[in-house]
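Below is one structure; the comments refer to it alone.
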Amino acid sequence: MDGYPEDVRGTARWALAETAEGRARVCPLDERGRPAGPVCEEESAPAAVRARPQVGRWVWRATAAVYPRLLAAGLRVPRCYDVETAEALLLGHEALAGHPRSLPAAWARLHRLPEPPDPPPASQGTDPQPSLFEAGPPPLPDGVDPLEALLEVYAAQLARTAGAGHPDRMRLLLAGESAGTLVAAEMSRAGVPWRADVHRELLDELLGERYPGGGLPRRLVELAGEVSRAFGPDVRVRPEVPAEVLQAFARAGVRLSSTRAWELERVDHPAVAPLLRFKKLYRLHTAHGWTWLRSWVRDGRFRAEYVPGGAPSGRWTTNGGGALQIPRVVRRAVVADPGRRLVVADAAQLEPRILAAVSGDRGLMAAASTGRDLYTALSERAFSGDRAQAKLALLGAVYGQTSGDGLRYLAALRKRFPAAVAYVDEAARAGEEGRLVRTHLGRTSPPAGPQGADGGPGDADGGPQRAAGAGDRARGRFTRNFVVQGSAADWAVLMLAALRRRLLGSAAELVFFQHDEVIVHCPAEEAERVSEAVRAAGAQAAHAMFGATPVDFAFSVGVMECYADAKGAGEEAAPVR
DNA sequence: ACCAAGCGCGCC
DNA sequence: AAAGGGCGCGCTTGGT
């Protein structure tokens with residue numbers, strides 16, 4: 001018991017559609033998703049929702065199009081069904097079932113629904129442009145009722161879901177992904193507590209002061225000088241230009257295939273140390289420096305725009321701000337408000353645990369049945385206690401390693417955990433042969449297509465040769481990883497959904513989510529209860545997905561004031577020198 | 001002036 | 001430690 005209810009409101013289901021004028025048409029639905037009462041028209045979506053607190057699930061076209069305005073009006077909803085999100089998942093699923101991957105007619109009609117009028121005068125000034133604009137659908141033809149179109153598509157989706165290979169899993173996925181859209185909108189609105197003053201202090205300390213004319217800050221200018229001098233008295237090398245760096249090393253008799261850090265590290269030359277230091281700091285300056293701070297942090301919050309399922313695997317992405325790549329050093333600026341705490345929870349070794357559960361490998365499930373370090377448990381079972389070997393072997397199996405030590409250890413892994421290895425091997429074979437694969441809940445990999453969407457793997461090989469070319473093998477690595485990474489995304493979104501519901505109505509706010517990690521910002525006195533809620537949500541997600549599995553999806557949870565104090569956030573408090 | 005591609009690196 | 005899976009993003013270059 002964590003003291004938070006699992007469910008807070010009723011189960012009534014209503015549909016909501018906005019008209020071209022921004023009014024809202026709503027009606028109740030029965031168990032099978034058909035209209036179960038008269039249609040009402042309200043002056044706006046917020047008015048319609050506010051008047052119906054008993055509704056447990058709102059069915060609408062797209063959370064992203066409606067929910068921000070509800071939140072702005074101070075409203076939250078318990079659950080929703082996002083028709084656009086569902087459509088994308090169903091289409092993907094049907095592609096594997098052999099159906100043509102084309103839009104149903106009803107969908108085309110729905111998609112002609114107008115975007116609601118866009119009234120947010122909310123924030124002013126030089127805001128970063130949200131960029132996610134796909135020029136809203138064209139106006140709805142006269143005489144087409146947006147609510148009718150919505151209901152038509154929804155009914156069709158329910159029928160298609162019932163026809164899926166595992167209807168229950170598909171329902172779970174659609175419900176989870178819909179909840180994910182709510183979480184995304186709410187997190188984007190809440191923002192991560194961000195101390196701009198701490199961030200600036202950090203920049204001053206690491207990068208030195210800036211010069212009036214713009215350009216690089218002092219420390220970077222100094223390091224660039226050191227790099228240049230290391231190549232000779234009259235040499236000038238711009239360390240941020242790879243071509244110049246390669247040239248300089250070539251003149252010094254050092255042949256490099258790139259200027260990547262890991263390659264430079266092996267080179268014995270006086271320019272290497274200042275160059276590596278420059279790269280690190282240059283990165284901080286360009287990606288999370290003063291410009292970033294000015295564009296993304298307002299009123300003590302960093303607000304990112306989350307895109308649930310933005311990656312094919314189901315992982316989330318963000319638009320602008322690089323919210324999922326906050327460097328460790330910068331996390332010092334993430335500090336809870338006075339009287340509040342950050343509950344930082346990390347699903348330890350999520351992907352290997354997911355592999356254990358989806359493959360049903362007995363040995364791996366046993367190793368993953370406790371919250372203790374999985375690689376240690378693994379090493380005891382197969383690698384005579386060598387944790388590093390165990391980790392490499394497992395990651396190699398999941399990522400499709402083609403060389404190196406991981407490959408060497410793979411044999412031992414295969415011997416002890418045959419079902420787990422066979423599971424990812426089969427996914428890889430499917431990819432190499434141009435077939436699609438699915439996650440545990442039925443999320444489907446994108447088609448390989450010679451025109452494969454935006455350069456995804458699989459389209460590198462032009463020829464129709466039979467033998468697996470480099471492109472096929474890349475495709476195999478992609479599908480191999482997809483079944484694990486994607487199933488982890490399945491779990492993560494179910495966990496988010498469960499956690500959100502447990503926190504609903506409390507003062508605790510979900511403020512950050514990154515693949516297998518969440519941060520909740522809450523009053524200090526609630527932190528323990530929130531920690532319990534997070535653990536419970538993780539277990540709830542696992543049970544919903546796998547039933548009574550022995551695998552422990554252990555959350556390591558910490559309560560802290562500053563994100564930099566999170567375990568794993570590294571002791572490397574940046575040696576300045 | 002603008003755009004695409006390639007590089008490189010941050011996170012998981 | 002090793003170099004493979006998923007991303008976003010800012011930079012530079014080199015093409016119009």
Side-chain angles (χ1 to χ4, degrees), chain A residues 128 131-132 216 238-246 256-266 275-276 278-289 291-292 295-296 304-307 309-331 346-351 355 375 386-410 424 427-428 431 445-446 454-457 473-486 488-489 492 512-518 563 568-570:
Chain A
S131 81
L132 185 66
L216 299 179
R238 288 176 296 170
E240 72 272 31
V241 181
E244 287 189 17
V245 173
L246 284 182
L256 292 170
S257 60
S258 76
T259 63
R260 288 187 172 87
W262 62 267
E263 194 174 344
L264 288 171
E265 274 159 17
R266 297 179 192 153
L275 180 54
L276 289 174
F278 178 95
K279 281 167 162 295
K280 262 271 191 292
L281 293 178
Y282 183 72
R283 169 78 186 177
L284 175 65
H285 175 243
T286 57
H288 287 91
T291 307
W292 182 91
S295 346
W296 292 102
E305 184 191 346
Y306 289 91
V307 184
S313 65
R315 275 192 172 184
W316 291 24
T317 61
T318 59
N319 246 322
L324 304 186
Q325 298 114 246
I326 300 171
R328 296 204 181 275
V329 273
V330 175
R331 297 182 183 184
D346 178 292
Q349 301 133 8
L350 176 59
E351 294 192 354
L355 175 58
Y375 299 120
D386 190 327
R387 181 183 185 276
Q389 280 188 18
K391 181 173 180 179
L392 263 132
L394 199 59
L395 292 181
V398 171
Y399 290 152
Q401 186 151 22
T402 55
S403 65
D405 288 347
L407 205 58
R408 255 191 16 241
Y409 306 139
L410 195 57
V424 287
S445 64
D454 47 353
R473 287 194 298 274
R475 177 83 194 159
R477 288 195 298 275
F478 173 75
T479 50
R480 173 192 292 272
N481 184 253
F482 181 93
V483 296
V484 178
Q485 187 185 113
F512 187 69
F513 166 61
Q514 183 179 35
H515 312 315
D516 59 359
E517 183 180 354
V518 291
Y563 187 22

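Heavy atoms only: backbone and side chains are in, while hydrogens, waters and symmetry mates are out. Order of the sequence lines fixes the chain letters, A, B, ..., with proteins taken first and strands second; residue numbering starts at 1 for each chain.
Closest to the A:Leu395 side chain, of the nucleotides C:dG5, B:dG10, C:dG4, is C:dG4. Here the side chain of A:Arg328 is nearest to one of B:dC11, B:dG10, C:dG4, namely B:dC11. Of the candidates B:dC11, B:dG8, C:dG5, C:dG5 carries the atom nearest the A:Gln485 side chain, counting heavy atoms from C-beta on.
Taking atom NE2 on A:His288 and atom C1' on B:dC9, their separation rounds to 12 Å, with Å as the unit. Between the CD atom of A:Glu517 and the P atom of C:dG6 there is a distance of 22 Å, rounded to whole Å. Between A:Leu355 atom CG and B:dC12 atom P the separation is 21 Å, expressed in whole Å. Between A:Leu284 atom CG and B:dC11 atom C1' the separation is 14 Å, expressed in whole Å. The CG atom of A:Leu246 sits 10 Å away from the P atom of B:dC7 (whole-angstrom rounding). One interatomic measurement links the two molecules: CZ of A:Arg331 to P of B:dG10, which rounds to 12 Å at whole-angstrom precision. In this structure, A:Asn481 atom CG and B:dC12 atom P are separated by 16 Å, rounded to whole Å. One atom, CG of A:Leu392, and another, P of C:dA3, lie 8 Å apart when rounded to the nearest Å.
How far OG1 of A:Thr259 is from NZ of A:Lys279: 3.5 Å, rounded to the nearest 0.5 Å. A:Leu276 CG to A:Leu281 CG: the interatomic distance, rounded to the nearest 0.5 Å, is 11.0 Å.
In terms of polar N and O atoms assigned as donor or acceptor, the side chain of A:Arg315 comes within less than 3.5 Å of the base of B:dC12 in a complementary pairing.
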task = Encode nucleotides 7-16 of chain C as B, S and - characters from 5' to 3', where the letter depends on protein heavy atoms closer than 4.0 Å: B to the base, S only to sugar-phosphate, - to neither.
result = SBSSSSS---
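Remark: the backbone N or O of A:Gln514 is not paired with any side-chain donor or acceptor of A:Trp316 at under 3.5 angstrom. A:Glu263 contributes a side-chain N or O that, together with a main-chain N or O of A:Ser257, makes up a donor-acceptor pair within less than 3.5 Å. A:Thr317 contributes no side-chain N or O that, together with a main-chain N or O of A:Ala311, makes up a donor-acceptor pair within less than 3.5 Å. Side-chain N or O atoms of A:Arg315 include none that pairs as donor or acceptor with a backbone N or O of A:Ala489 at under 3.5 Å.
Positionally, the nearest nucleotide of DNA chain C for A:Glu265 lies more toward the 5' end than for the other of A:His515 and A:Glu265.
In this structure, A:Gln514 reaches the sugar-phosphate backbone alone: every heavy-atom distance under 4.0 Å involves primed, P, OP1 or OP2 atoms, never a base. Contact annotation for A:Ile326: backbone-only contact, meaning every heavy-atom pair under 4.0 Å involves sugar-phosphate atoms and none involves a base.
Applying the 4.0 Å criterion to OP1 and OP2 of C:dA1, one finds that A:Lys391 has every side-chain N and O outside that range.
For the pair A:Ser445/A:Arg475, a side-chain contact is recorded, criterion being any heavy-atom separation below 4.5 Å from C-beta on.
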